[in-house]
Amino acid sequence: MTKQTSLEAITEERLQKLERLRQQGFNPYPNRYRRSHTASEAVALLGTQEAAGTEERGEVSVAGRVTARRDMGKISFIDLRDGSGKIQLLCSNALGEEARRVLKEIDIGDIIGASGKVFRTRTKEPTIETTDIVMLAKSLRPLPEKWHGLADVDKRHRQRYLDLIANPGVKEIFETRSRVIAKVRQFMNRRGFIEVETPVLQPEAGGALARPFVTHHNALDQDFYLRIALELHLKRLIVGGLERVYEIGRIFRNEGLSHKHNPEFTMLECYQAYADYRDVMKLVESMVAGVCRKTRGSLTAQFVGHEINFKPPWKRLDLREAVKSFSGIDYAECPDAASLGNAMVKIGMTVDPNKDRGRLIDELISTYVEPNLVQPTFLVDYPRDMSPLAKNRPDNDRVVERFEAFAGGMEIANAFTELNDPGEQRRRFREQVAGRSAHTEGEEWTIDEDYLEALEYGMPPTGGLGVGIDRLVMLVTGQESIREVILFPQLRDKP
RNA sequence: GGGCCGUUAGCUCAGCUGGCAGAGCACCUGACUUUUAAUCAGGUGGUCGCAGGUUCGAGACCUGCACGGCCUACCA
C-alpha cells in the first residue's frame, strides 16, 4: 500500500478512519457528552485523595482535544487538553472492547471523551486509567507542529483558532483582555455611570477628526457612516439628564493600518455632568491603575523593555512646555500655520503646507513628545485649533481644557471639559469645515445640526473621556502590536 | 506611498559560487505494557508564492505582480 502525506492524503486517511467508525456503528460527531470533571479538576481530585491518604481513586469522565499520542506496544498514552488544562490518559487492559476499536481511529487533533479512574504513573504524571473512550468530533486536518507551534504571523491572524491551539500564551492575552473590559465596566458602574448603546450607523460622522466608512441603507435609500467616535450621542444623553453615561463600543476609521492602528477598534467613552477635565484626570489614573492591579496583580507592567508604573498620581506636563522642551519650538510664539511651519523646517522637519496649525502641533507632539512618554503622563492644555469640542480655559481663549494620557509611547486617552455653548460650538464646527474641505479630497465635512440643537436645550458643564481599550490591553499584556490583542485583526484578502 | 527583508512538504526551517529537492515534527508500516518533544527500524509526501526572462541547466540570477513582516511617511 503506497501512502502519501500531502494535505489531501492526510485528510483522506482521516476520512477513512471516520468511515470505519461509522461502519462499526459509532457516531463520530455525537450530539453531547457529559463530562464529570475538567482536566484540572480531575488532577485536583487525585491530589485531594492522595492527601487524604485513602486508596480510593475517583471515577471521572473528561473531554477535550487530543494533543499527543504515544503508543507503547499494547498500551497507549494520550494527552487530552481542555479549557482548564491537560490530563494524560492511559489506554491499556482496562479499556473496554468497543473503546479499543475507537482508540484505533484516534488521531492528534480529535475531540474525544474518556472515563476511568484517576491515578499516578511511575513518573508521577496524573493519569486516567481509561475504561471507556468515545469520539466526539473527528479532526480531518493535521494541527500545527507541537514543538515550534504556529509562527507564521499572517496565518496566526487569519486562522486564530490554530493560533489558540498551538500557542498557549495567546489564550492568556485574550483572557486578560476580557478581564480588562470587565474591570472597566465594574469601575464605571461602581461610580454611578450607566452603560448605554448608541448608533453605529450615523447620518453624520462626528466627534473626531477621522475619515469614516460609508455604507448604504437600501430601504431608506440613504448613505450612512460607521461611527468614528461615540462622543456626540453620549453628550446628547447628558443633555437628556443621564448625568453619568459610558459606552464601550467598536468604532471605525477608514485610515491606515499600523502596529497601533486597526480600522475597527474598541473605545471607552464616558461623560460626567458637573465634572471638569481635572476630575476626569483623576478618574483615568484611578481606572487604569485599577485595571492593571486587577489583571497583573500589581501596578506595574512590562512594555517594550520598560517597566511602566501606573500608580497615581501620574505626571502632568503642560503641553506647550513639553513640546518646547522636546522639540525646541514654542508654538505659542508661532500664531499661524506659516510661522509654525517655518520653525519646524528650521529644525529639519519636512512640513506639509496643507496642514493647519493644529495639525502641525499634533505632528510635533507625535514626533518629539509622544515617543518619550513611557511612564504614564498627562499632556495638559491643548491649543484650541486642534480641539473643536473642548471648552476654552477661562484665562486664555487660545487654550482649551483638554488632556491626553500617554504610556509606553502611545496615546491611550483623550479628555476635555466639554464645550457646551451652542453658539461657540457652531463657530468651531465652521472653522473645522473651512479648514479641512480646502484640502481634503473626497470627504464631505458636515456640521451636525442635530447635535447643535441638542446643545441649544442646554448641556450642563461636563467632563468627557475616551480611552483606547485595545492600547490599554497592549500595555497590560506587553504586546507591541495591536493585532496581538484583537482576535481577528483586519487583513488584506488573500488572492 | 517609499525602503529593506521574506514566501521551499500539513507545521518549523536548511538549501553555499547556478549543477539530482533536504532535515525535524506530523503522516503511513512494523517493534515495544508506565510513556510524556517516548524510543527504534523502514517508508510516503514538493506547482520551491505567481508570471515572464537570462542560461546547456534556475529554489538560487534579472524583471513584473501578489501576499506578509519590519522601518518610514500620511491619516490621528
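Just so it is clear: chains get the letters A, B, ... in the order the sequence lines come, proteins before strands, and each one is counted from 1.
For the P atom pair drawn from B:U7 and B:C16, the interatomic distance equals 12 Å after rounding to whole Å. Using C1' as the reference atom, B:G6 and B:C74 are 25 Å apart when rounded to the nearest Å. Rounded to the nearest Å, the gap between the C1' atom of B:A21 and that of B:G15 is 9 Å. Look at the C1' atom in both B:A9 and B:G49: the space between them is 15 Å, to the nearest Å. Rounded to the nearest Å, the gap between the C1' atom of B:A31 and that of B:G24 is 22 Å. The same atom, P, is picked in B:A58 and in B:G68; the two are 30 Å apart, to the nearest Å.
Atoms CG and NZ, from A:Asp110 and A:Lys138 in turn, are 3.5 Å apart once rounded to the nearest 0.5 Å. Remark: A:Asn254 CG to A:Arg211 CZ distance equals 6.5 Å, nearest 0.5 Å.
Along RNA chain B, the nucleotide nearest to A:Lys17 and the one nearest to A:Gly149 differ in position, and the one closer to the 5' end is contacted by A:Gly149. Residue A:Arg483 is the one, among A:Arg483 and A:Ser366, whose nearest nucleotide of RNA chain B lies closer to the 5' end (criterion: closest heavy atom).
A:Asn93 comes within contact range of at least one nucleobase, with a heavy-atom separation under 4.0 Å. Residue A:Arg122 is classed as a base contact, given a heavy-atom separation below 4.0 Å to a base. As judged by a 4.0 angstrom heavy-atom cut-off over every strand, A:Arg14 is placed among residues making no nucleic acid contact. Counting any heavy atom pair closer than 4.0 Å across all strands shown, A:Asp71 reaches a base atom. Heavy atoms of A:Glu363 sit under 4.0 angstrom from primed sugar atoms or phosphate atoms, though from no base atom. A:Ser92 comes within 4.0 angstrom of no nucleic acid atom, judged by non-hydrogen atoms across all strands. If you check every strand for non-hydrogen atoms under 4.0 Å, A:Lys124 touches nothing.
Atom CD in A:Gln159 sits about 18 Å away from atom P in B:C67, given to the nearest Å. In this structure, A:Glu8 atom CD and B:A26 atom C1' are separated by 15 Å, rounded to whole Å. Counting to the nearest Å, the P atom of B:U35 and the CD atom of A:Glu125 are 11 Å from each other. Look at CD on A:Glu13: it is 16 Å from P on B:G10, rounded to the nearest Å. Nucleotide B:U47 holds its P atom 11 Å from the CG atom of A:Leu7, rounded to whole Å. The CZ-P distance, from A:Arg70 to B:C40, rounds to 15 Å in whole Å. Across the protein-nucleic acid pair, A:Lys74 atom NZ and B:A38 atom P stand 22 Å apart, rounded to whole Å. Atoms CD1 (A:Ile108) and C1' (B:C11) sit 12 Å apart, rounded to a whole Å.
Stem regions for RNA chain B, each three or more consecutive Watson-Crick or G-U pairs with both distances under 3.5 Å and listed by first number, read B:1-7 with B:66-72, B:10-13 with B:22-25, B:27-31 with B:39-43, B:49-53 with B:61-65.
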Between A:Glu8 and A:Ser6, does the side-chain hydrogen bond (donor to acceptor under 3.5 Å, both in side chains) criterion hold? Intermediate values first, please. CA-CA 5 Å; A:Glu8 294 77 14; A:Ser6 64; 3.2 Å; yes

Any chance you could lay out the side-chain hydrogen bond (donor to acceptor under 3.5 Å, both in side chains) test for A:Asn414 and A:Arg402, step after step, and finish with the verdict? CA-CA 8 Å; A:Asn414 180 22; A:Arg402 173 183 177 190; 3.0 Å; yes

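Taking every side-chain heavy atom of A:Phe77 into account, B:U34 is the closest of B:G69, B:U34, B:C28. Distance from the side chain of A:Ser6 is smallest to B:G45 among B:U12, B:U35, B:G45.
Checked by atom type and distance alone, the side chain of A:Ser387 never pairs as donor or acceptor with a backbone atom of A:Ala390 at under 3.5 Å. Distance alone, capped at 3.5 Å, is enough to place a donor-acceptor pair between the A:Glu269 side chain and the A:Leu230 backbone.
For the residue pair A:Gly64 and A:Asp82, the shortest heavy atom distance occurs at CA-CB, 4.3 Å.
Look at A:Lys146 and you'll find a side-chain N or O under 4.0 angstrom from OP1 or OP2 of B:A38.
You'll find the side chain of A:Asp107 stays beyond 4.5 Å of the side chain of A:Arg69, heavy atoms only.
Looking at residues two or more places apart in sequence or on another chain, you find a ring pair (Phe, Tyr, Trp, His ring centres under 6.0 Å) between A:Phe378 and A:Trp314, A:Phe403.
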